[in-house]
Amino acid sequence: MLGGDVADAMVEAIVGISVITFQHEWATRPVVGFTLAALGAVVCALGDMFSSPAHGADAVHLARMLVEVGLSRGAHVIVRARARAADRSAATRAALRREAEVAAARRATEREHLATLHDTACATLLMVSQGDDQDWSWLPLRAARDLDALSAMPGFGTESIDLSVLLGCVPEGVGQARVQVKLLVTGPLAIPSGPGLAIFNGVREAVANVARHAGVREAELRAWTEDGAVVVELSDAGRGFAPESVPARRRGISASIVGRMKAVGGSASVASRPGAGTRVQWRWQERPPASPPTDGTRAAGLPGPPGARAQRAAVVRFIRGQLLQGARLAALLISLVAQFTVSLGQLTAHQDVYGPAWAQTSAFICLAAVAATGGAYLLRGRRIPPRVRGWSVGAVLAVSATGAFTLPPERLAGPEDWVFGLIGWHALFLLADLRVRVLAVFLGAHVGLNTLAMFVLGSPTVAESTGMGLSTVSTCGFQFSVGVLLMHLLHDGAPAAGSAAAREEELRTRERIHEGMQRDHKERYRALTATTVPLLAGLGHGVLSPHDDDVRLRCGVEAARMRRLFAESDAVADPLLNELRACVEVAEHQGVTVSLAIRGRRKEVPVEVRRDLIDPVAVVLGHTRTTARVTVVWTPRAVRVSVVGQDFADGRRTGDLVRAHHRASASKVALAKGAHRGSVWVETMWEAPITSGVDLT
């Protein structure tokens with residue numbers, strides 16, 4: 001229906017939009033995008049030549065098309081670069097925030113667990129260590145509750161204990177219900193405390209069953225290792241029974257023995273028949289740790305980082321800001337390049353058409369000033385102030401009016417009109433952070449001014465009106481489409497990307513908190529589990545008596561170890577001295593007179609080394625009855641901690657010193673000890689490795 005220049009304009013608009021969008025359709029393959037653009041330009045040029053052989057191809061239009069293609073690719077590169085910069089910056093910020101949140105969560109959990117230890121096990125052991133001139137009837141129940149509270153702490157069940165020591169605390173009963181248990185254990189049996197307590201409680205229940213049902217007062221308890229598994233077996237020569245005939249409501253075997261072991265990954269079996277006695281066997285074998293889930297199922301139950309919703313909103317705002325910055329820079333680049341290439345060429349080539357020409361030149365300078373003002377803010381990473389933006393938008397509309405009313409109506413939106421296709425890009429970088437309707441209103445005002453000028457200055461023909469319509473659709477419509485996509489990206493895409501990044505970061509933070517807590521718990525309870533669990537189990541079941549001097553000494557040592565553990569969390573200038581004084585205070589509560597001497601210049605010592613330096617000293621202080629002298633000596637690259645305990649408790653608990661020596665050796669802490677006429681001397685020494693970076697001078 002349409003022909004001539006109007007048809008050419010329509011074809012050129014379709015081809016121009018196509019070659020521009022090719023750069024985004026083939027964003028990751030720029031060669032393909034540029035090849036398609038070149039092919040489109042060649043097809044357009046051939047069409048011009050075949051339709052108008054006398055005129056040939058429109059070189060200006062082809063040049064403008066190639067410039068637009070380059071600008072489209074440049075805009076994509078800028079936005080992509082800003083998005084990647086946003087990802088890197090967000091990742092860096094998230095890592096810093098994650099470390100802060102993990103540290104805060106670990107500190108909070110540490111305070112909670114240390115408070116639990118202080119209020120339960122430590123208080124109980126300290127009271128037992130201080131004397132026997134009171135009624136201890138409350139002690140078994142309290143010790144059992146303390147053991148339950150200690151066992152409930154995360155990470156506790158993975159720590160190693162000696163099962164042979166724990167089995168020695170199995171209660172035999174009293175009076176007519178007493179069963180004499182013969183314990184046969186092959187060597188130390190290291191086992192995590194969780195399975196160890198499950199076996200202990202199962203054996204306790206099985207011994208009670210012997211007393212109630214077997215009709216005998218003797219049983220044999222054996223423990224050994226077999227093919228990497230720990231096996232415990234309790235057997236008696238009693239009347240026996242048929243396990244399959246036990247009613248379901250009787251839960252002693254199904255829950256207390258079999259079910260408890262199944263819950264910790266082990267197994268238990270009962271073999272018996274009437275008249276042939278009973279044999280109960282527990283078996284536990286350590287399995288390789290399961291791979292952590294990758295779908296977030298484990299992290300779903302972990303404590304989340306504080307303020308997750310606020311952090312998610314902050315991430316969304318940051319990503320949106322970075323994308324907005326990139327989009328504005330891209331629009332500014334298009335505006336400046338288009339203005340100082342195509343538009344400047346149009347302005348200089350058609351000075352004789354404008355009336356007056358100085359008005360068009362002034363409009364060009366005004367538009368350049370608007371771009372320079374906006375660019376000054378954008379390049380410094382700042383938002384354009386609302387007042388500056390208001391004046392800039394007004395100036396752009398004034399340029400639109402100047403261009404429309406100083407050009408003959410038949411030339412509007414033609415080759416001489418450099419303003420019509422340029423205004424929208426300036427509006428885009430000025431209004432990119434607002435809603436799309438604001439851009440629509442601006443472009444509508446721009447088109448309205450040109451339409452008004454066309455009707456005021458003359459009577460447009462059908463062809464001129466159609467040409468104006470095509471230019472409006474192809475130019476302003478394209479700019480509006482870009483604005484819609486951009487604002488959709490900012491208002492919908494950015495929140496989605498930010499929320500996804502925040503959720504991923506929240507999951508990663510939960511995992512780090514979980515890992516940090518497990519690591520803290522494992523290190524914190526490493527030295528306590530092997531000694532505290534058997535002690536509390538014995539007190540809780542009446543196997544150990546608080547009237548026994550040896551038991552009270554053991555309780556004093558454990559209380560000192562816990563007090564030292566509490567002191568680890570104190571913010572002090574000299575952590576080693578602070579933790580050592582915590583052990584000294586426990587000894588003083590037990591009536592021991594302790595003198596403390598310090599020589600040399602104090603420096604920082606790693607926490608794991610401090611534990612192993614002090615633990616043997618705590619053992620000596622816990623077994624000293626009258627006086628003790630503690631000395632700390634600092635040398636340029638080493639630290640020595642020594643203790644001399646007078647009236648040592650007959651050396652009956654030298655096993656504590658042996659275990660302390662083994663732990664100290666693991667962290668390169670040397671231990672020396674000696675005894676003479678009731679006095680014991682122990683010295684621990686740690687020398688900082690040259691490659692460690694720790695300088696004690």
Side-chain angles (χ1 to χ4, degrees), residues 60-61 63-64 67-68 71 328 331-378 384 387-432 438-458 460 464 467-468 470-472 474-480 482-483:
V60 174
H61 177 74
R64 182 171 60 205
V67 170
E68 290 172 348
L71 291 176
R328 279 182 154 173
L332 179 63
L333 174 66
I334 293 174
S335 301
L336 290 174
V337 173
Q339 181 174 354
F340 285 94
T341 56
V342 178
S343 296
L344 182 59
Q346 292 174 293
L347 176 65
T348 55
H350 302 95
Q351 285 286 311
D352 55 330
V353 178
Y354 307 127
W358 62 265
Q360 292 272 350
T361 304
S362 300
F364 186 92
I365 296 173
C366 179
L367 209 56
V370 169
T373 302
Y377 286 100
L378 295 180
I384 301 175
R387 193 169 184 178
V388 174
R389 177 164 56 187
W391 283 105
S392 298
V393 171
V396 173
L397 284 176
V399 169
S400 175
T402 301
F405 284 93
T406 59
L407 194 65
E410 67 275 6
R411 304 299 181 95
L412 289 174
E416 300 86 356
D417 192 353
W418 63 270
V419 176
F420 189 82
L422 184 64
I423 291 295
W425 298 115
H426 286 73
L428 193 58
F429 86 80
L430 290 172
L431 306 175
V438 178
L439 179 63
V441 169
F442 177 90
L443 292 176
H446 169 54
V447 174
L449 287 173
N450 281 266
T451 304
L452 179 63
M454 179 177 290
F455 283 95
V456 169
L457 299 179
E464 292 172 352
M468 172 63 73
L470 287 175
S471 297
T472 300
S474 62
T475 303
C476 297
F478 179 68
Q479 293 167 346
F480 180 72
V482 173

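FYI, the numbering just counts along the sequence from 1.
The shortest side-chain heavy-atom distance between V370 and L430 falls under the 4.5 Å cut-off. In this structure, the side chains of L452 and F405 come closer than 4.5 Å at one or more pairs of heavy atoms.
For the 3.5 Å distance criterion, the side chains of W418 and Q360 qualify, holding a donor opposite an acceptor.
A donor-acceptor distance shorter than 3.5 angstrom exists from the side chain of T348 to the backbone of G345, with no hydrogens or angles considered.
The shortest non-hydrogen separation linking T402 to A363 is CG2-CB, 4.1 Å. For L397 against A445, the heavy-atom pair with the smallest separation is CD2-CB, 4.2 Å. Residue A404 comes nearest to A453 through the heavy atom pair O-CB, 3.6 Å, listed as atom of the first residue, atom of the second, then distance. Across all non-hydrogen atoms, the minimal contact from V399 to V419 is O-CG1, 3.9 Å. Contact detail for L332 and A371: the closest heavy-atom pair is CD1-O, 3.6 Å.
The CG atom of D417 lies 11.0 Å from the CG atom of L347; values are rounded to the nearest 0.5 Å. Here CH2 of W358 is found 9.0 Å from OG1 of T406. Values are rounded to the nearest 0.5 Å. We find the CD1-CG distance between I423 and L443 to be 10.0 Å, quoted to the nearest 0.5 Å. The CZ atom of F364 lies 8.0 Å from the CG atom of L422; values are rounded to the nearest 0.5 Å. Within the model, atoms OG1 of T341 and CG of L336 stand 10.0 Å from one another, a figure rounded to the nearest 0.5 Å. L449 contributes atom CG, which lies 10.5 Å from atom CZ of F420 (distance to the nearest 0.5 angstrom).
The aromatic rings of H446 and F442 lie parallel to each other, their planes meeting at an angle below 30°, with 60° marking the opposite boundary.
Screening residues 393-415 for salt bridge (charged side-chain N to carboxylate O under 4.0 Å, His left out) gives R411-E416 as the qualifying pairs, with residues at least two apart or on separate chains.
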- Task: For F429 and L378, run side chain to side chain contact (heavy atoms under 4.5 Å, CB included): C-alpha distance rounded to whole Å, both residues' side-chain angles, the deciding distance at 0.1 Å, then the answer.
- Result: CA-CA 10 Å; F429 86 80; L378 295 180; 4.2 Å; yes
